[in-house]
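So the structure is just underneath, and the comments pick up after that.
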Number of protein chains: 2
Amino acid sequence: MSPSNPSQIRKTPRQRRSAETVEAILTAAAHILEKEGFEAATTNRVALKAGVSIGSLYQYFPNKESLVRALNDRHTREVLELLQRRFAEVRLAPLEEAVRAIVQAMVDVHRVNPGLHRVLVNIVPGIGGLTETKALEDAAAGLLSQFLKARKTELRPLKPDLSAFMLVHAVEALTHAAVLERPELLKGDLFVDEASRMILGYLLGGPEERRSRQNK
Amino acid sequence: MSPSNPSQIRKTPRQRRSAETVEAILTAAAHILEKEGFEAATTNRVALKAGVSIGSLYQYFPNKESLVRALNDRHTREVLELLQRRFAEVRLAPLEEAVRAIVQAMVDVHRVNPGLHRVLVNIVPGIGGLTETKALEDAAAGLLSQFLKARKTELRPLKPDLSAFMLVHAVEALTHAAVLERPELLKGDLFVDEASRMILGYLLGGPEERRSRQNK
DNA sequence: AAAGAATGTGAGCTTTTACTCACATCTGCC
DNA sequence: GGCAGATGTGAGTAAAAGCTCACATTCTTT
């Protein structure tokens, strides 16, 4: 509504019919983006696939960019909510178990819509002045940083913010790569094992550093 | 020349003049891609910025895609050559030193043209059926896998190919993230320290695994 | 039931983009 | 100097994309 809100929906749906239209558009856009990439996701094709007219699309999304942003916002919200929930769940769990749970959460999130997620991560920053994906990374890093602070007696001395930055990016990239290039890795526990090992190795430090603490 | 060579240059420059034209086009394309992204890099704009006519551009590149590919091929080649050199140099160095050198090499490579590198990595796969970037990752993983096999007495038991896959993606992502979001990290040794620590923690394993080997 | 609001339609306008082609200019060679 | 091939030019074309708008249909409310 407000003029300084370019990423927002143009008209808020008031009837169920229109809510379904918006949903159909978003779903169609997600499918095309996932399967054929950004270039192929023309507004006309999205409308066609959604089974609505191009006019309807523009009734709710002022431009193509806002469509991609809406998708990204929704996705970002989902990921963040899952991560928050998972972090809360493992607050009291043993370190190793907690780390595994978080890694598993990342994998779960990315397995839902791997292609879409990748497109969003890659394309959106170049398109709109995207702050959302960056915001997600920052939020995830914040959660992790809190986690590290709470566990500091179990870990080697480290700078929580820096370590959170390193881990967020490492785990995100590993998950992306695994989902897209080695999906078979995700069948068993192999990937989660390896990623968790990397994280724990980083957080616990070498033998000397471990010896100077009592815990596990 | 051959019809089944869509990513190649259309006409091989025979005079210095034309070689300079090609160079100007590639440079201009790199600049626009780096600073404004793929969408902004229209062929007309590239030609304009290169100071040549659009006709000249199409004399050497049959289409826009081939331009991006040429850029990518060149970049890929440079990265791979540096990595090969660096791996060879550290073949006999102590493990920790070797790891640091490799990480440093990754950082060096990415600091040259960070934005361009990211655009190439992200955009190109979606555009052309890009095999080059994937090939680079595979080649890097191959080098690393060799490295791990050669060092196996120093490391915990691991599957070289899997570990190489994990490390290549983790280090690449960390380097990207650092270059693009935290360039100040790269001033000192902080980033290389942290990344190396992550790698070593992963390769050496926990205290039990280390104890069962004599080395370091 | 009837009006007004909300929603839906799609032909087509406007702009942009990749790309061509007929022609001009340069360079090396005899 | 002059010829031939290499190189350079840029107005123009065709296709495609984003987006609008005048109008049709459906829903809500009284």
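Fair warning: this is a prediction, and the values are worked out from it, not measured in the lab.
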Next item on the list: May I ask you to evaluate whether A/T21 reaches the phosphate of C/dG8, defined as a side-chain N or O under 4.0 Å from OP1 or OP2?
Entry: yes

Next item on the list: Rounded off to whole Å, could you give me the CD-to-P distance for the A/E23 and C/dG8 pair?
Entry: 13 Å

Next item on the list: With the side chain of B/S18 defined as its heavy atoms from C-beta on, choose the nearest nucleotide among C/dT9, D/dG8, C/dT17.
Entry: D/dG8

Margin query: Checking contacts here: which listed nucleotide (D/dT7, D/dC19, C/dC19) is nearest the side-chain heavy atoms of B/K64?
Written below: C/dC19

Check: Does B/S53 have a side-chain nitrogen or oxygen under 4.0 Å from the phosphate oxygens OP1 or OP2 of D/dT9?
Finding: yes

Check: Can a side chain N or O of A/S56 be found less than 4.0 Å away from OP1 or OP2 on C/dT9?
Finding: yes

Notebook entry, point to check: Is the NZ or CZ atom of A/K64 positioned over A/F38's six-membered ring, under 6.0 angstrom from the centre and within 45° of the axis?
Noted result: yes

Margin query: So if I take every side-chain heavy atom of B/T42 and compare against C/dT9, C/dT17, D/dT9, which nucleotide ends up nearest?
Written below: C/dT17

Check: Looking only at side-chain N and O atoms, does B/T43 come under 4.0 Å of OP1 or OP2 in C/dT17?
Finding: no

Item checked: Separation of atom CD in A/E39 from atom C1' in C/dT17, rounded to whole Å -> 11 Å

Check: With a 3.5 Å cut-off and no angle check, do the side chains of B/Y60 and B/T21 form a donor-acceptor pair?
Finding: no

Next item on the list: Answer yes when B/E23 and B/R74 have at least one side-chain N-carboxylate O distance shorter than 4.0 Å, and no when they do not.
Entry: yes

Check: Roughly how many Å is it from CD1 in A/I25 to P in C/dT7, rounded to a whole number?
Finding: 12 Å

Margin query: Please evaluate residues A/M198 and A/L174 with respect to the criterion side chain to side chain contact (heavy atoms under 4.5 Å, CB included), reporting the C-alpha separation (whole Å), side-chain torsions for both, the decisive distance (0.1 Å), and the verdict.
Written below: CA-CA 11 Å; A/M198 191 182 287; A/L174 285 173; 4.1 Å; yes

Notebook entry, point to check: What's the CG-P distance between B/L57 and C/dT17, to the nearest Å?
Noted result: 15 Å

Check: Using a distance-only test with no angle check, is there a side-chain donor-acceptor pair under 3.5 angstrom linking B/H117 and B/H176?
Finding: yes

Check: Between atom OH in A/Y58 and atom P in C/dA11, what is the gap in whole Å?
Finding: 16 Å

Checklist line | Nucleotide of D/dG8, C/dA18, C/dG8 approaching B/R17 most closely (side-chain heavy atoms) | finding: D/dG8

Notebook entry, point to check: Which one, C/dG8, D/dA11, C/dA11, comes nearest to the side chain of B/I54?
Noted result: D/dA11

Note to self: Nearest heavy atom decides the nucleotide; on that basis, is A/Q15 or B/G51 closer to the 5' end of DNA chain D?
What the structure shows: B/G51

Item checked: Interatomic distance, B/Y60 OH vs C/dA18 C1' [rounded to whole Å] -> 19 Å

Margin query: Rounding to an integer number of Å, can you tell me how far B/N63 CG sits from C/dT17 C1'?
Written below: 13 Å

Checklist line | Separation of atom CZ in B/F61 from atom C1' in C/dA18, rounded to whole Å | finding: 15 Å

